[in-house]
Amino acid sequence: MVWTGLIIGIIFGVILQRGRICFNSAFRDVLIFKDNYLMRLAALTLALESITLLIFAQAGFIALAPKPLNWLSNIVGGYIFGLGMVLAGGCASGVTYRSGEGMTTAWLAALAYALTARATQGGLFSNWLKWVNQYSITIDSTNPVYAKKIGPTIATVLGINPWIVTIIFAALLIWYAFGVKNKSERPSKLNWIAAAVLIAILAPIAWWTSAKTGRNYGLGITGGWINLISVYTTNAKLSWEGAEIIGIIIGAAISAVAGKEFKLRMPKNPLTYIQVLVGGFLMGFGAVTAGGCNIGHFLTGVPTLAISSIVASIFFILGNWTMAWIMFGRQK
Amino acid sequence: MAKYQVTKTLDVRGEVCPVPDVETKRALQSMKPGEILEVWIDYPMSKERIPETVKKLGHEVLEIEEVGPSEWKIYIKVK
């Protein structure tokens with residue numbers, strides 16, 4: 001069943017490449033370029049996903065597993081990840097799919113990200129992770145849409161039916177996506193609405209197939225990279241998420257070649273490679289500390305209304321804005 | 001033969017996102033009305049985003065010319 005991760009990854013890679021979906025850009029463009037194209041795409045995706053994931057859970061196909069809440073790690077890790085993605089020139093999914101497009105800076109960023117994520121989970125920085133994880137909060141859930149042990153969500157904290165929160169959440173985001181003034185448009189190969197709908201369809205199927213392999217979670221990136229490093233260095237078994245990463249790179253490469261957009265791209269200034277290595281390092285450390293990256297937390301966790309994912313995502317954005325302002329925002 | 005009387009050329013091929021966009025914005029600020037900026041890029045996302053930013057700043061995108069595999073030149077007239 002691990003092969004399903006590969007198929008899901010290939011489809012996801014094509015959507016990311018055609019839709020130019022990078023959350024580093026989505027967060028930063030709003031601040032630096034006053035451009036909300038990708039942010040509106042993200043908002044619509046989260047809105048639709050919150051509904052499709054809950055439908056799948058209500059139908060009994062999946063059990064939602066909001067990540068444990070940890071104020072310290074979600075805030076600190078989230079902020080560090082946000083700083084890192086700007087230096088790396090892409091978020092976790094951004095550097096992964098751009099690796100398939102032939103961007104050499106993304107290769108190095110992804111490698112540093114993967115190695116540091118592995119080191120934080122089980123290597124040099126693992127004591128740090130053990131220490132922060134003692135502050136993680138989980139609760140026992142009785143609602144069948146959730147797994148038995150979960151992190152608190154807005155619905156569980158308020159003690160109300162998750163549908164109520166989900167419908168309000170989705171309505172607010174749809175209102176932002178379509179109602180905001182000064183809408184930015186771009187001639188992307190995959191229109192923002194189509195991209196959002198496709199991800200919202202793919203996300204619950206991803207979760208369902210992943211759960212069949214014993215990994216009860218949806219689309220993710222960090223765990224997949226950690227798995228690939230472990231497969232390579234310790235002969236660990238390839239996981240659904242590891243296969244998904246390989247799929248994203250293959251899917252993005254196929255899509256880029258088919259669209260005549262594949263090219264080995266190298267920056268003129270070699271110092272850029274140092275910059276992306278530092279960015280990847282911060283991303284790996286931040287993502288594992290925070291319990292997830294922009295896909296695990298933002299794209300998959302926020303639609304489950306997990307408080308951990310909402311807190312981490314707020315700090316991804318704040319970290320992103322801080323570094324974007326330092327690097328690009330001051331000299332306007 | 002050059003298509004336009006280009007005043008300044010910016011080659012940002014291979015640069016990490018969003019350097020091409022930021023450099024374009026900075027170059028435009030130092031230019032006078034009527035002058036033409038040529039931006040040489042190789043990243044598809046920049047091809048879509050730079051024209052959007054340029055139009056917002058009030059300048060005119062004259063043409064996006066495909067010059068090679070995944071390489072384009074954007075000609076911008078400063079307003």
Side-chain angles (χ1 to χ4, degrees), chain A residues 17-22 24-25 28-29 32-38 85-91 94-95 98 101-106 108-109 182-189 255-257 259-273 275-276 279 324 327-329 331-332, chain B residues 6 8-33 37-79:
Chain A
Q17 202 277 335
R18 293 276 150 145
R20 324 279 187 226
I21 303 167
C22 177
N24 175 39
S25 306
R28 180 206 61 219
D29 287 354
I32 304 288
F33 301 110
K34 308 282 175 258
D35 180 332
N36 54 22
Y37 179 83
L38 284 176
M85 66 163 104
V86 180
L87 291 172
C91 60
V95 297
R98 282 175 185 147
E101 287 184 321
M103 196 130 202
T104 59
T105 47
L108 286 192
N182 301 322
K183 291 190 196 72
S184 296
E185 291 296 342
R186 275 184 217 167
S188 293
K189 286 198 168 169
S255 173
V257 170
K260 295 193 177 72
E261 292 172 345
F262 185 88
K263 189 194 161 207
L264 284 182
R265 299 177 179 87
M266 282 160 261
K268 287 187 291 295
N269 186 352
L271 283 179
T272 306
Y273 286 116
Q275 178 195 314
V276 298
M327 289 181 68
F328 312 112
Q331 305 146 287
K332 280 196 179 166
Chain B
V6 173
K8 189 173 181 177
T9 298
L10 190 63
D11 180 0
V12 280
R13 287 174 297 171
E15 293 298 341
V16 173
C17 172
V19 171
D21 312 62
V22 174
E23 291 294 326
T24 303
K25 216 171 144 183
R26 283 181 188 161
L28 287 169
Q29 275 161 1
S30 65
M31 293 171 71
K32 295 187 198 78
L37 173 69
E38 171 190 74
V39 188
W40 196 343
I41 54 161
D42 66 356
Y43 196 66
M45 189 170 176
S46 304
K47 183 189 69 169
E48 292 156 11
R49 192 171 48 194
I50 289 177
E52 170 75 18
T53 309
V54 164
K55 281 178 209 159
K56 268 195 188 151
L57 292 169
H59 308 297
E60 186 189 348
V61 178
L62 298 171
E63 191 189 338
I64 304 168
E65 182 192 7
E66 194 165 353
V67 286
S70 198
E71 286 194 13
W72 301 270
K73 278 184 178 176
I74 307 177
Y75 297 95
I76 304 159
K77 190 172 185 182
V78 182
K79 291 278 174 182

To the closest 0.5 Å, what do you measure between [atom1] ([X]) and [atom2] ([Y])?
| X | Y | atom1 | atom2 | answer |
| --- | --- | --- | --- | --- |
| A/R20 | B/K47 | CZ | NZ | 6.5 Å |
| A/R265 | B/E71 | CZ | CD | 9.0 Å |
| B/E15 | A/M266 | CD | CE | 12.5 Å |

Given heavy-atom pairs under 4.5 angstrom as the criterion, report whether the side chain, backbone, both or neither of [X] touches chain B.
| X | value |
| --- | --- |
| A/A106 | neither |
| A/L38 | side chain |
| A/T105 | side chain |
| A/T272 | side chain |
| A/K268 | both |

Sub-4.5 Å side-chain heavy-atom contact between [X] and [Y]:
| X | Y | result |
| --- | --- | --- |
| A/C22 | B/C17 | no |
| A/K189 | B/P44 | no |
| B/R49 | A/D29 | yes |

Item to check | Side-chain donor-acceptor contact under 3.5 Å, A/R98 with B/Y43 | outcome: yes
Measure across [X] and [Y] and return the closest heavy-atom pair with its distance rounded to 0.1 Å.
| X | Y | value |
| --- | --- | --- |
| B/S70 | A/F262 | CB-O, 4.4 Å |
| A/K263 | B/P69 | CD-O, 3.8 Å |
| A/S25 | B/M45 | OG-CE, 3.4 Å |

field: Neighbour count above 12 (heavy atom, 6.0 Å) for B/K77 NZ
entry: no
Item to complete: Inspect the surroundings of NZ in A/K183 and state if more than 12 heavy atoms from other residues, nucleotides or ligands are less than 6.0 Å away.
Response: yes
When the 4.5 angstrom heavy-atom criterion is applied to B/E52 and chain A, the contacting part is side chain
Most heavy-atom pairs under 4.5 Å with chain A, out of B/D42, B/D11, B/V22, belong to B/D42
Heaviest contributor of heavy-atom pairs below 4.5 Å to chain B, chosen from A/A109, A/S188, A/G102, is A/S188
Assert top hit (heavy-atom pairs under 4.5 Å, partner chain B, pool A/G89, A/P267, A/A88, A/G94) equals A/P267
Notebook entry, point to check: Does the B/K56 side chain pair with the main chain of A/K34, one donor and one acceptor, at a distance under 3.5 Å?
Noted result: yes
